[in-house]
Amino acid sequence: MFNLDQQTSGFGQATARLALLREEIARRGALAFQPRPAQSRGPKWQALLGELRTPVEHWQASRQRQQLEERAESSRAVMLLPGFGTHPARMKPLRVALEAAGHRVSDWGLGFNFGPTEDRFERLCERVVTMARKEGEPLVLVGWSLGGLFAREVAKRHPEAVRLVVTMGTPFSGDRRANNAWRAYQLIAGHSVDEPPIGRDMATKPPVPTVALWSPRDGIVSHRSACGRKGERDLAIPMRCTHLGFAAHPDVAAMLKRLVAAY
């Protein structure tokens, strides 16, 4: 049996842990309910509601796209990086399309994307460098939303291991609150969008070819933030899809295949 001192010590430790948990919940709650600065503008609520049509649009686009798949002349090594709060499985349609074209596709290997930490970023850098060495060539990094920020920062750290960066609906330019997800991000990631553990200068272009796919119909991220300005990316290409649609839309998959083949 536990003696009285052991029971008292155990109770004290549990109380201390509970107090710390409450403090952390309160801190994250304060981050989540920060007021939006007056100058910050995310997509309008009509565009946000339009995200609900994503499955219907994918079905309609799939019915229209019936051409035979063409294999690329050269097989490339590609890594897919998921968006905030999502798992690599959400990008499976893109993976299937790229593999059908003959490319070797992997995911980032970190499971769900709940925001950056120094440790997760270091692990991703190690994975990219290791895979580039294993494949015998630099990788094409395709990042959806927050995954695109990871991709850009990895390319800045290890340009020798990256052939091309493609971002899809990624808020790398301008106001970091010009989107409808920053409060959820701060709640889950536990830090302000102004003080991320990596990538303080997100708009700086990586020293490798960098293409930004953006959509005027994006209901989560401002298209200005995802498109970027001249000098912040090499090329910006508009797509007709929702923000959620970047992960699986047939037109996005077709564009990725063209980009990977071009570089």
Side-chain angles (χ1 to χ4, degrees), residues 27-58 81-87 90-91 112-116 142-153 165-205 210-233 235-249 251-252:
R27 186 183 71 83
R28 292 185 181 232
L31 286 170
F33 288 100
Q34 284 181 349
R36 183 192 291 270
Q39 71 276 12
S40 299
R41 291 288 183 272
K44 295 181 179 180
W45 65 268
Q46 295 94 332
L48 181 59
L49 288 178
E51 295 289 329
L52 298 175
R53 285 186 48 82
T54 300
V56 175
E57 292 183 356
H58 288 184
L81 292 79
F84 177 61
T86 69
H87 189 272
R90 281 281 286 109
M91 302 177 76
F112 281 94
N113 185 352
F114 290 127
V142 178
W144 172 31
S145 197
L146 178 61
L149 295 180
F150 274 98
R152 286 172 63 97
E153 294 307 313
V165 170
V166 181
T167 60
M168 306 187 301
T170 295
F172 64 87
S173 179
D175 192 337
R176 297 186 184 183
R177 290 178 174 79
N179 58 77
N180 291 323
W182 67 272
R183 288 192 177 94
Y185 173 87
Q186 293 190 164
L187 173 65
I188 296 174
H191 57 255
S192 169
V193 292
D194 297 318
E195 300 177 350
I198 64 168
R200 297 297 179 90
D201 190 8
M202 296 180 182
T204 298
K205 193 189 86 65
T210 305
V211 179
L213 302 187
W214 62 278
S215 173
R217 300 178 56 203
D218 194 320
I220 305 296
V221 173
S222 165
H223 64 267
R224 292 183 178 85
S225 293
C227 174
R229 299 181 177 90
K230 185 177 180 180
E232 296 176 345
R233 54 6 182 209
L235 184 64
I237 302 175
M239 305 298 301
R240 295 292 296 176
C241 65
T242 62
H243 185 80
L244 298 179
F246 278 113
H249 199 287
D251 291 345
V252 175

Is it the case that the side chain of [X] and the backbone of [Y] share a donor-acceptor pair, with hydrogens and angles ignored and the cut-off at 3.5 Å?
X: Thr210; Y: Val165; answer: no
X: Ser225; Y: Ser173; answer: yes
X: Asn180; Y: Gly219; answer: yes
X: Ser215; Y: Cys241; answer: yes

Let me have the donor-acceptor pairs involving side chains of residues 190-199, under 3.5 Å, with sequence neighbours excluded, atom names and distances please.
residue, atom, partner, partner atom, Å
His191, NE2, Tyr185, OH, 2.6
Ser192, OG, Asp194, N, 3.0
Asp194, OD1, Arg177, NH1, 3.3
Asp194, OD2, Arg177, NH1, 2.8
Asp194, OD2, Arg177, NH2, 3.1

Side-chain contact test, heavy atoms from C-beta onward, threshold under 4.5 Å: evaluate it for [X] versus [Y] and give yes or no.
X: Asp251; Y: Arg240; value: no
X: Pro216; Y: Trp214; value: yes
X: Met168; Y: His249; value: no
X: Phe246; Y: Asp218; value: yes
X: Leu48; Y: Ile220; value: yes
X: Leu213; Y: Val166; value: yes
X: His223; Y: Pro43; value: no

**Report entry** Closest contact, heavy atoms only, Leu244 versus Arg90
**Finding:** O-NH2, 3.7 Å

Report summary line: Closest heavy-atom pair, Leu149 versus Met202, reported as atoms and distance to 0.1 Å, is CD1-SD, 3.8 Å

Query raised in the report: Taking everything shown except Arg176 itself, do over 12 heavy atoms lie less than 6.0 Å from its CZ?
Result: yes

Query - Residues Ile237, Val211; criterion side-chain contact (heavy atoms from CB on, under 4.5 Å); working and verdict - result: CA-CA 8 Å; Ile237 302 175; Val211 179; 3.9 Å; yes

Query raised in the report: Taking atom CG of Asn113 and atom CH2 of Trp144, what is their separation to the nearest 0.5 Å?
Result: 10.0 Å

Requested in this report: Rounded to the nearest 0.5 Å, what's the gap from CE on Met239 to CZ on Arg217? Could you check?
Outcome: 11.5 Å

Query raised in the report: Do the numbers put Arg152 on top of the ring of Phe172, so that NZ or CZ is under 6.0 Å from the six-membered ring centre and no more than 45° off the axis?
Result: yes

Query - Ring geometry between Phe112 and Phe114 (parallel below 30°, tilted from 30 to 60°, perpendicular above 60°) - result: parallel

